[in-house]
Structure formats: C-alpha cells, structure tokens
Amino acid sequence: MRYDLVIFDNDGVLVDSEPISNRILAGYLTELGHPTTYEDSIRDYMGSAMHRIHELVLERTGQRLPGDFDDLFHARVFAAFERELKPVGGAVDVLEKLAADGVPYCVASSGSHERIRVGHRTTGLDRWFEEGRVFSSQDVGRGKPAPDLFLYAAERMGVVPERCVVVEDSPLGVEAAVAAGMDVYGFTAMTPAERLAGATELFGDMRELADLLV
C-alpha cells in the first residue's frame, strides 16, 4: 500500500445517499420559494456542509432560510434513509480489504455526526467505523473546500498529510484534499469526470479502488 491512511468521504462514496438527499433538498428549497431542480442541487450543493447552503441562498436571493431549516431537512432525509439507503456498491469489499491488510482508514464528511451515524447504522457500515474513525465538518471551523477537516482527520489518526489519500466524489472535496496536500481519488459514479479534474486518479466503480491504492 502506497499510503498510510485512506480517508473516505461518506455521502456518495460509502453510502448511496446523494440521490436521496439532493432530491429532498431540491424539493424543500422549492417549497420555500427558491426553485431548485435535482440537477441544480447536485451541481451547487453536493459535498457541502449545511452552512454553505444557507450562504448560497442568501447570496443569490438576499433571503435567509428559516431557523429550523436544518432540523426539518435532516428529519426528512433520515426518514428517507430508513426506507431507501444502501451502501455504495463495492464499498464493503474495499473496507474488508483494508481491514484484512491492516491499512488505517477513516471517514471525513461534510455531514453531521448524526447524519453519518444514521447512514452507517441503516446500511450496516457502522461495524467498520468505531468512534475514533469518524470525523465531521462539525469538528472544525470550516467545511470543504477548506482543507481543515482532512487535516484534522489526519492529525487525529496520527498520519502526515503527504501519506494520506482521500476518496471523494465532489468538486468541493477534491479541492479540499488538494489544499490539504493529499492525493485524492475522484469517484465518478455521479459526478462527471471533468468536474473532478484536480484529482490524482479517477475511477468509476468502487470495486476498482483497492487495486488502485496499491
């Protein structure tokens, strides 16, 4: 293995949550008078921490989202997760391989700790991620595209940035990993390859990842 730590994004990389959450986000923003299509949501918000959604809406419309926006959005998302959420195809195979080979790994997500835990519990991925392997944008001052979250995860895991690789599916995540001085493998299952052009490597099937890392 050429790396000492594999840092996974969560949504769209480990759990197939992006179609669910972006469908709900687009619908909710539209309800609130900010017409948003599913495609708009994927383009503008995929990989974002919640604060970025608030900032973009305010910047574009001059209007603030309601104070209970986050709570109601997450309630809708978590209910849909319970009904629909599945692991990304091949994610369990990669985790099994890393664990068998003794390669350290963790998750560093723009989502809240609660969102990460609900997704992992629903899909059975919680068995791979004990408390010390889970990092959220809640843990740092700035979310992606700032490098803070990835640098924090590496520090907590005891690995220098240049020995880390990040697995990401969003342009914001790729930008954050590059800014952190880490290699980044861009997962193109939902994101056009050209939007992840800054990545060290690109791949379209999670089952390919283990072989790419060696």
Side-chain angles (χ1 to χ4, degrees), residues 1-18 21 47-50 74 77-78 81 85-170 172-174 176-177 179-187 189 199-200 203 206-214:
M1 176 68 64
R2 72 175 87 168
Y3 302 103
D4 294 336
L5 177 65
V6 181
I7 304 175
F8 290 95
D9 176 44
N10 189 56
D11 293 293
V13 170
L14 294 173
V15 295
D16 195 16
S17 53
E18 293 292 9
S21 58
S48 299
M50 290 300 295
H74 283 125
V77 168
F78 294 165
F81 279 4
L85 191 62
K86 295 179 173 59
V88 167
V92 170
D93 298 331
V94 172
L95 294 171
E96 286 179 343
K97 173 68 172 166
L98 294 177
D101 291 348
V103 178
Y105 64 88
C106 65
V107 61
S109 171
S110 293
S112 67
H113 278 282
E114 183 183 16
R115 178 182 172 123
I116 298 166
R117 285 302 181 197
V118 168
H120 286 188
R121 186 176 64 249
T122 302
T123 58
L125 292 182
D126 53 344
R127 67 184 289 253
W128 300 101
F129 291 96
E130 63 269 22
E131 194 62 39
R133 294 183 189 266
V134 178
F135 306 102
S136 161
S137 61
Q138 289 179 311
D139 301 326
V140 295
R142 300 179 299 169
K144 306 168 189 177
D148 305 33
L149 177 56
F150 292 140
L151 292 172
Y152 176 75
E155 180 183 7
R156 291 291 301 272
M157 295 293 290
V159 179
V160 295
E162 58 266 26
R163 296 296 303 159
C164 299
V165 63
V166 176
V167 184
E168 264 288 354
D169 70 333
S170 76
L172 292 175
V174 169
M182 300 176 181
D183 282 357
V184 53
Y185 283 35
F187 183 41
T200 311
F203 69 105
M206 192 57 64
R207 295 168 187 84
E208 302 171 16
L209 181 61
D211 290 337
L212 291 173
L213 293 174
V214 296

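Numbers here simply count residues along the sequence, with the first being 1.
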Within the 4.5 Å heavy-atom criterion, are Leu151 and Pro161 side-chain neighbours or not? yes
Return the CZ to CG distance between Arg207 and Leu212, rounded to the nearest 0.5 Å. 14.0 Å
Are any of the side-chain nitrogens in Glu130 or Arg133 under 4.0 Å away from the carboxylate oxygens of its partner? yes
For Lys86 and Thr123 the tightest heavy-atom approach is C-CG2, 3.6 Å
For side chain to side chain contact (heavy atoms under 4.5 Å, CB included), just list the numbers for Asp9 and Lys144, CA-CA rounded to whole Å, side-chain angles, deciding distance to a tenth of an Å, and then say yes or no. CA-CA 11 Å; Asp9 176 44; Lys144 306 168 189 177; 3.0 Å; yes
CD of Glu18 to OG of Ser170, rounded to nearest 0.5 Å, is 7.5 Å
Using 4.0 Å as the upper bound for N to carboxylate O, is an ion pair formed by Arg2 and Asp183? no
Do Tyr105 and Val94 have side chains that approach each other closer than 4.5 Å (heavy atoms only, starting at C-beta)? no
Taking every non-hydrogen atom, the tightest pair across Val134 and His113: O-CE1, 3.5 Å
Arg156 and Tyr152: which non-hydrogen atoms are nearest, and at how many Å? NH1-OH, 2.6 Å
Distance from Tyr185 atom OH to Ile7 atom CD1, nearest 0.5 Å? 13.5 Å
Do the non-hydrogen side-chain atoms of Lys97 and Leu213 ever get within less than 4.5 Å of each other? no
Closest heavy-atom pair, Ala91 versus Leu14, reported as atoms and distance to 0.1 Å, is CB-O, 3.9 Å
Rounded distance [0.5 Å steps], CG in Leu209 versus CG in Asp93: 11.0 Å
Is there a donor-acceptor pair under 3.5 Å between the side chain of Ser110 and the backbone N or O of Gly47? yes
Are Arg115 and Ser109 close enough that a side-chain donor and a side-chain acceptor fall under 3.5 Å? no
Quick check for you: to the nearest 0.5 Å, what is the distance between Leu125 atom CG and Ile116 atom CD1? 12.0 Å
Heavy-atom pair of closest approach, residues Ala49 and Ser137: CB-OG, 3.9 Å
Backbone of Val184 reached by a side-chain donor or acceptor of Thr200 within 3.5 Å: yes
Please report the shortest heavy-atom distance between Ser112 and Ser136, naming the atom on each side. CA-OG, 3.6 Å
Beyond-backbone contact of Val15 with Asn10, side-chain heavy atoms, under 4.5 angstrom: yes
Counting C-beta onward and ignoring hydrogens, is there a side-chain heavy-atom pair between Phe187 and Val88 closer than 4.5 Å? yes
Over 60° means perpendicular and under 30° means parallel, so classify the ring planes of Phe81 and Phe78, tilted if in between. tilted
Can you tell whether the side chains of Glu131 and Arg117 come within less than 4.0 Å, N to carboxylate O? yes
Could you give the distance from CZ (Phe8) to CH2 (Trp128), rounded to the nearest 0.5 Å? 11.0 Å
Should we count CZ of Arg163 as having more than 12 external heavy atoms under 6.0 Å? yes
